[in-house]
Enquirer: 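My questions all concern the structure below.
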Amino acid sequence: MFLYPFGHRAISRLKTFFSIRREPGLSPNAALYLLVWDSVSKKQPAQPGTVVRGDMLFRWLTAICAAIVILVVAGIALQLGVHSELSLKRFGLGFLTSRAWNPVIGEFGAASSIYGTLITTVIAMLLAGPAALVIALFLVELAPPAISRIVGIGIELLAAIPSIIYGMWGLFVFAPFMADHVQPSLAKIAPNLPLFSGPPMGIGILSAGIILAIMVLPFVCAITREVFMMVPDVVKEAAYGMGATTWEATRKVTMRYGLHGIIGAMFLGLGRAVGETMAVTFVIGNSHSISASLFSPGNTIASTLANEFTEASEPLYLSALIELGLVLVLMSLVVQTIAHLWLGSIRRKIGGGL
Amino acid sequence: MKPRTLTVRTSLNRLVMLISAAVSGLFLFVLAWVLYEVAVRGAAALNWSFFTKLPVPPGITGGGLANAIIGTLMITILATLIGVPIGILAGVYLAEFGQEGRFANILRFTCNVLMGTPSIIIGLFVYTILVVPFHRFSGYAGAVALAILMLPVVTKTTEDILKLVPNTLRESALALAAPRWKVTLGIVFRAGKSGLLTGILLAIARISGETAPLLFTALNSSYWPGWLKQPTANLTVTIFNYAMSPYADWQQKAWGASLLITISVLFVTIFARLALKGAKK
């Protein structure tokens with residue numbers, strides 16, 4: 001019966017209500033209407049443009065918090081730029097291609113880190129891309145709903161495991177497994193290729209790439225799944241009606257529709273793989289060298305930062321590391337923008353929300 | 001093109017189904033493998049002194065990671081207290097006041113950018129603004145780094161949940177002369193309560209497992225965490241340091257810490273998804 005009381009005004013309204021109620025011959029409903037009329041008529045008639053003062057404060061508060069987010073991003077760009085100035089002036093653009101890394105004499109170059117980042121990311125996408133496609137296919141088309149839910153939850157749990165746990169597992173379990181079983185077999189398959197040459201140590205670029213693939217897969221899979229679910233049923237059923245098998249309908253219909261989104265999903269996975277730090281740091285071996293063999297150790301930008309930042313004593317060393325960070329941010333930004341634009345054009349093409 | 005026979009087509013179909021099931025099974029096997037190894041190796045390291053004692057040098061038995069456990073809890077709680085209110089209010093701006101305006105669109109793009117920046121870069125940024133000027137690593141800096149990590153996630157979640165609340169609810173509350181802030185904080189939030197809680201819990205689960213932002217902000221320490229003004233012990237950086245060391249007992253402690261982190265992250269994630277799913281209207 002009672003309207004929810006709004007704070008201290010409720011008490012005055014209660015008083016008004018009971019004073020009205022004492023009038024003989026007034027039913028409770030009539031008293032209620034009088035109460036509402038009473039409270040409304042006491043207020044100033046709202047003129048266009050009048051705003052309650054608390055509301056102004058609230059609007060400003062939310063706008064300030066929104067501005068904080070923007071300020072943080074701008075601050076990141078600014079600080080990275082400012083603190084890498086020393087290294088930028090010293091090395092210039094040659095920083096990106098120099099293979100040197102000698103803290104003692106002060107020679108730094110990003111080439112080995114950039115190479116490691118690119119190679120591990122490529123391996124991760126080559127493994128995770130098709131795997132995510134196939135798994136998304138399984139989840140959306142081929143599996144019965146109960147199994148699809150369980151497997152879906154399992155793949156999501158893969159994403160929930162923290163990166164450092166993958167690093168621990170990679171270093172103590174996966175790397176010995178690679179060294180004892182997988183890498184010797186790979187070396188036997190292609191003995192003359194430089195790709196699989198070198199001592200099978202377990203840790204190295206290949207192991208890092210594989211673990212990165214495991215970490216990136218759930219993200220690519222989730223987006224691919226959504227893309228597959230956006231395909232209109234009518235077209236699929238038309239294919240089935242013509243006698244197509246499940247795989248044929250999927251290939252001709254779903255993948256054609258979804259190719260655009262699948263590529264966008266892979267770009268997003270790429271963006272994540274580029275910045276992954278802890279798991280890669282554990283298994284990549286941390287050596288500033290570029291080698292053609294996938295068994296060799298290397299490093300990525302993120303792993304260099306994680307390993308060497310706390311030991312950087314001279315300002316030039318620190319500045320070179322921060323410049324590495326700047327390179328990483330630019331790489332990640334480029335990948336993200338491409339993914340954003342690509343997926344944005346999907347929205348216009350298919351018309352659904354992604 | 002020569003038409004394929006029926007048997008070829010059906011066997012190709014069956015092959016693809018087998019491959020897709022096999023690949024899904026492979027990744028589920030990897031998940032089970034990781035969890036199994038963490039459980040087995042970690043359980044061997046967990047004992048009473050693990051939870052109650054300070055770290056000791058390698059080679060000495062006993063000792064534990066009690067300070068790291070408390071430090072992680074303190075840093076995570078502080079990061080939540082900083083990040084969640086700012087994120088929620090920014091999300092409120094996006095959903096209620098900004099909507100399609102230019103500032104709101106810039107904010108959305110910025111949120112996406114921030115979500116995509118590697119966490120180690122955020123640690124780097126906080127290092128330059130909170131560690132260098134004060135010449136000291138601190139737990140505060142670590143908490144701020146984790147809060148920045150949380151910010152875009154909470155903002156996006158809040159915006160999505162608030163957009164789902166029907167406008168009629170807002171309009172009826174406004175018609176009863178409730179001020180705008182009461183409409184949002186009292187009524188709209190109450191309608192989207194379970195979704196918001198899920199999003200916040202997932203964000204907390206995510207940051208409690210993060211290492212890279214803490215590497216050069218909170219660093220690590222062998223002492224009890226005090227007022228967070230100094231380097232603060234935390235589980236994740238401890239795992240990093242101990243695992244990379246050549247000492248077997250330190251590595252075993254790292255496994256114990258990994259088990260703790262995995263259990264808490266998975267528990268919060270599963271709880272957030274399952275327990276609050278039923279409570280959604």
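In this text, all values refer to a predicted model and were calculated from it rather than measured experimentally. Computed from heavy atoms alone, side chains included, the values below leave out hydrogens, waters and symmetry copies. Residue numbers begin at 1 in each chain, while the letters A, B, ... track the order of the sequences.
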Enquirer: Are any of the side-chain nitrogens in B:Glu96 or A:Arg59 under 4.0 Å away from the carboxylate oxygens of its partner?
Expert: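 Looking at B:Glu96 and A:Arg59, the cut-off is not met.
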Enquirer: Taking the side chain as every heavy atom from C-beta outward, state whether B:Arg41 and A:Val173 have any pair of such atoms under 4.5 Å apart.
Expert: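 Yes, close enough: below the 4.5 Å cut-off.
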Enquirer: I'd like to verify something: which residue of A:Arg272, A:His340, A:Glu276, A:Glu248 has the highest number of heavy-atom pairs under 4.5 Å with chain B?
Expert: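 Of the candidates given, the most pairs with chain B belong to A:Glu248.
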Enquirer: Ignoring hydrogens and angles, tell me if any N or O in the side chain of A:Asp55 forms a donor-acceptor pair with the backbone of B:Arg180 under 3.5 Å.
Expert: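 Present.
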Enquirer: Parallel, tilted or perpendicular for A:Phe309 and B:Tyr127, by the 30°/60° rule?
Expert: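 The arrangement is perpendicular - the two ring planes meet at more than 60°.
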Enquirer: Please enumerate all residues that pass ring-ring contact (aromatic ring centres under 6.0 Å, His included) together with A:Phe174, with sequence neighbours excluded.
Expert: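 In terms of ring-ring contact (aromatic ring centres under 6.0 Å, His included), with neighbours along the sequence ignored, A:Phe174 is linked to A:Trp169.
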Enquirer: Using a 4.5 angstrom heavy-atom cutoff, name the option from B:Val92, B:Val113, B:Leu12, B:Val38 with the most pairs to chain A.
Expert: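 With the most close heavy-atom pairs to chain A, the winner is B:Val113.
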Enquirer: Can you tell me how far apart CD1 (A:Ile155) and CG (B:Leu31) are? Round to the nearest 0.5 Å.
Expert: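 These two atoms lie 8.0 Å from each other.
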Enquirer: Is A:Leu217 close to B:Phe27 at the side-chain level, that is, under 4.5 Å between some pair of heavy atoms?
Expert: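 Yes. Closest side-chain heavy atoms under 4.5 Å.
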Enquirer: Find the one option among A:Ala244, A:Pro218, A:Pro162 whose heavy-atom pairs under 4.5 Å with chain B are most numerous.
Expert: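 Top option by heavy-atom pairs under 4.5 Å: A:Pro162.
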Enquirer: So for B:Tyr93, is it side chain, backbone, both, or neither that comes closer than 4.5 Å to the heavy atoms of chain A?
Expert: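 Both backbone and side chain.
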Enquirer: Search all heavy atoms of B:Pro118 against all heavy atoms of A:Leu328 and return the closest pair with its distance.
Expert: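 Smallest interatomic distance, heavy atoms only, reads CG-CD2, 3.8 Å.
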Enquirer: For residues B:Leu215 and A:Thr310, report the shortest heavy-atom separation together with the two atoms involved.
Expert: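 Shortest heavy-atom separation between B:Leu215 and A:Thr310 comes out as O-CG2, 3.9 Å.
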Enquirer: Please flag which part of A:Leu158 lies under 4.5 Å from any non-hydrogen atom of chain B: side chain, backbone, both or neither.
Expert: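 Both backbone and side chain.
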Enquirer: Taking B:Thr117, B:Thr269, B:Thr262, B:Ile239 one by one, which has the highest count of heavy-atom pairs under 4.5 Å against chain A?
Expert: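 Maximum pair count with chain A is reached by B:Ile239.
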Enquirer: With a 4.5 angstrom heavy-atom cut-off, which part of A:Thr277 approaches chain B: side chain, backbone, both or neither?
Expert: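 For A:Thr277, the contact with chain B is made by the side chain alone.
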Enquirer: Is the shortest side-chain heavy-atom distance between B:Val23 and A:Phe138 below 4.5 Å?
Expert: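 Answer no - side chains too far apart.
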Enquirer: Would you confirm whether A:Gln79, through its side chain, and B:Ile129, through its main-chain N or O, come within 3.5 Å as a donor-acceptor pair?
Expert: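 No, because the side chain of A:Gln79 does not come within donor-acceptor range (under 3.5 Å) of the backbone of B:Ile129.
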Enquirer: For a 4.5 angstrom cut-off between non-hydrogen side-chain atoms, does A:Val151 reach B:Leu28?
Expert: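 A:Val151 reaches B:Leu28 side chain to side chain.
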Enquirer: Against chain B, label A:Leu333 side chain, backbone, both or neither, depending on which of its atoms sit under 4.5 Å from a heavy atom there.
Expert: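 Only the side chain of A:Leu333 comes within 4.5 Å of chain B.
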Enquirer: Between B:Leu15 and chain A, with a heavy-atom cut-off of 4.5 Å, which part of the residue counts as in contact: side chain, backbone, both or neither?
Expert: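 Interface part for B:Leu15: neither.
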Enquirer: Examine A:Trp60 together with B:Phe97 and report whether their ring centres are nearer than 6.0 Å.
Expert: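 No, the ring of A:Trp60 stays outside the 6.0 Å limit from the ring of B:Phe97, centre to centre.
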Enquirer: Quick one: does B:Trp181's side chain get under 4.5 Å of A:Leu57's, heavy atoms only?
Expert: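 B:Trp181 does not reach A:Leu57 side chain to side chain.
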Enquirer: Would you mind reporting whether A:Val69 and B:Cys111 have side-chain heavy atoms less than 4.5 Å apart?
Expert: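 Touching, per the 4.5 Å side-chain cut-off.
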Enquirer: So which part of A:Met168 gets closer than 4.5 Å to some heavy atom of chain B, the side chain, the backbone, both or neither?
Expert: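 Interface part for A:Met168: both.
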Enquirer: Does the side chain of B:Leu35 come within less than 4.5 Å of A:Ile161's, by heavy atoms?
Expert: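 Answer yes - side chains close enough.
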